[in-house]
Amino acid sequence: MTPVPIPRMRAAVVGLFATAAALGSGHLVAGITGTRTSPLVAVGNSVIYLTPEPVKEFAIAVFGTGDKMALMVGMTLVIALLAVCAGLLSRRRAWPGAALIAVFGLVGVSAAVASSDGGLAAALTSLVVGVVVFWWLHHVAGMASTGLDSDRRRFLITTGITLVGAGVAGLAGSFLQNATGVSTSRRTAAARIPEVPSPPVPRGADFASSGTPTFLTANRDFYRIDTALTVPQLRAEDWQLRLHGMVQRELVLSFDDLLRRRLEARQITLTCVSNQVGGNLISTATFTGVPVRDLLLEAGVRTGAQQLFTTSVDGYTAGTPLDVLLEPDRGALLAVEMNGEPLPAEHGFPVRMVVPGLYGYVSATKWLVDAEVTTFDRPHYWERRGWARQAPIKTESRIDRPQPGPPVPAGAVTVAGIAWAQHTGIDRVEVRADGGPWQVAELAVDVSRDTWRMWRAVLQLPPGEHVIECRATDRTGQTQTPRRQGVVPDGATGWHSVRITCR
Ligand SMILES: Nc1nc2c(c(=O)[nH]1)N[C@H]1C(S)=C(S)[C@@H](COP(=O)(O)O)O[C@H]1N2
Ligand SMILES: [Mo]
């Protein structure tokens, strides 16, 4: 116990800096032990895992693909606040603050235990360093409160060293994590993947000049959705896939084993079930990989099996109906390349699954490491959280131009957008203004039924406010339903509409 209470400011510094030392040292140990799961990340992953479904949906709706950044910023603020509280609780005695720090430390440890990705050593380091540094800084701060200049100087120097040490440890941890990351593995993989000529995209497959996206989405612009707070770093050399369960012959494949099989390249449009009407969680790439059907036939699926249950290195799972995967012309791939380069780490390097016509959450497992042939008794990641077990992509369309914003000139207004009904194909898109008659839009050159189709039309609009709507009809003759439904449990429906002003 210190003779005089430590001033508030200094007490807060003790809490904050001890916490910084805890997180920095944990990050360093994570780097040394080769895990991406620093204590903060482990807690973040647990938060994602435990967050109730409506809150997660809310976060995706508000922050979109920035949802993880928002979570990290939010957690950092909460931790800083708790760190200040720990300091303020300990203006006389060290133990209340030290106890609070030990409690967060234990939260980190239990999160690391729950994670499949290691991080226990890092979390234990954070716990011990946090408590010890807190005790020590508290001791130095207590001596400084007696008023001697030399003691005050000592407090400044000690806290300075603590902060610099925490920073250096954190940077070193990040450096080590990057050094053991997958960038080298991706470069060498590029040379190992055999060249497979991909069908060229015909001219006139998009109306980019009229405001649609380009037909192929550049890898860096491709939408990204997953539950991973840090991108899993799985090297091709370490990759192994086990195809097992209800099969005649279990297959265990290395990356090179996979590449020795027949590879195919094709254009596929992926769509996320969380895509709102008018949303942008949809992109198209040329994927190259081994047909899933070939591997299933090689392994020999036993009767009674219903789904292929795929697991990612980070524990994420998806369940894909086997009758879909076994269709001779479905074209599902274990993809190794996206737009002619090895999969980017964010998109599942070294191997992911893609299945034309199914939403990503039931089919597009990234960082794939396990595939089990089984029955539907086993619920997959999102099925356990209330989403549909099976999820074919719904026929939908979107207006990309005009966008709501400043008034556009009245008269001939070009309206352009995309429509999709993967594995069925788009037959027609219609546009109308203000609930008037539907006008058939011009369709871009058809590439495949597994990709989006661009469209455009010219509407004659007088000055004033207008509501423009579009609807697509697929090749089974089904016209997109106007009934508005949210994304849960199996994808949004409804017509996209845009309100504009003409002058
Ligand atoms: N390992 C893993 N794979 C995953 C997911 C995930 O959370 N983890 N999300 C799925 C979902 S919901 C979608 S829509 C697609 C998105 O793929 P992309 O990020 O490459 O666009 O990946 C799927 N594969
Ligand atoms: Mo998704």
Side-chain angles (χ1 to χ4, degrees), residues 36 44-45 48-49 51 53 56-57 59-61 64-68 71 115-117 213 216-234 239 241 268-276 279-287 289 308-320 332-339 341-371 380-394 396 420 422 452 486-492:
R36 300 289 290 176
N45 282 333
I48 293 178
Y49 190 82
T51 301
E53 200 39 40
K56 246 185 266 197
E57 243 175 80
I60 292 178
T65 47
D67 54 348
K68 296 181 188 73
L71 173 66
S115 133
S116 52
D117 199 24
L216 290 178
T217 313
N219 287 353
R220 67 174 176 286
D221 298 329
F222 205 98
Y223 84 89
R224 174 186 166 203
I225 288 288
D226 53 61
T227 58
L229 202 45
T230 53
V231 178
Q233 305 285 306
L234 180 55
W239 182 82
L241 175 71
I268 298 171
T269 297
L270 293 192
T271 309
C272 183
V273 69
S274 296
N275 193 39
Q276 309 277 350
N280 58 7
L281 301 180
I282 176 165
S283 304
T284 301
T286 303
F287 289 96
L308 185 66
F309 195 86
T310 49
T311 305
S312 159
V313 73
D314 67 351
Y316 176 85
T317 59
T320 314
L333 298 176
L334 288 197
V336 293
E337 264 188 2
M338 182 172 176
N339 289 329
E341 47 173 281
L343 290 174
E346 301 77 40
H347 294 290
F349 184 82
V351 180
R352 76 171 308 171
M353 192 154 89
V354 282
V355 183
L358 303 186
Y359 285 119
Y361 82 103
V362 291
S363 64
T365 306
K366 306 191 269 189
W367 315 289
L368 174 71
V369 291
D370 190 89
H380 52 79
Y381 186 94
W382 288 112
E383 186 182 350
R384 266 188 270 143
R385 289 160 178 78
W387 294 71
R389 167 187 293 163
Q390 300 201 31
I393 296 176
K394 296 178 179 175
E396 273 288 322
W420 62 95
Q422 287 94 316
W452 54 17
V487 296
V488 188
D490 61 358

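Values reported hereafter were calculated over all heavy atoms of this structure, with side chains retained and with hydrogens, waters and symmetry mates removed. Sequential numbering from 1 along the given sequence is applied to the chain's residues. Atoms within a ligand are numbered from 1 in the order they appear, just like the ligands themselves.
A donor-acceptor pair is defined here as one N or O able to donate and one able to accept, closer than 3.5 Å; such a pair exists between the side chain of Gln233 and the backbone of Val231.
Legend: residues meeting side-chain contact (heavy atoms from CB on, under 4.5 Å) with Leu234, ordered by chain and number and at least two apart, are Trp239, Val313, Pro350, Trp367, Val369. Among residues two or more places apart in sequence or in another chain, the side-chain contact (heavy atoms from CB on, under 4.5 Å) test is passed with Val273 by Tyr359, Tyr361, Trp387. In this view, Phe222 and His347 satisfy the ring-ring contact (aromatic ring centres under 6.0 Å, His included) rule, not counting sequence neighbours.
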Go through the steps for Thr284 and Trp452 under the test side-chain hydrogen bond (donor to acceptor under 3.5 Å, both in side chains), then give the verdict. CA-CA 8 Å; Thr284 301; Trp452 54 17; 3.1 Å; yes
Using the salt bridge (Lys or Arg N to Asp or Glu O under 4.0 Å) rule, take Arg389 and Glu383 through it: C-alpha gap first, then chi angles, then the decisive distance, then the call. CA-CA 5 Å; Arg389 167 187 293 163; Glu383 186 182 350; 3.2 Å; yes
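Residues lining ligand 1 at a heavy-atom distance below 4.0 Å are given as Phe222, Tyr223, Arg224, Ile225, Asp226, Thr227, Cys272, Ser312, Asp314, Tyr316, His347, Arg352, Gly360, Tyr361, Ala364, Thr365, Lys366, Trp367, ordered by chain and residue number.
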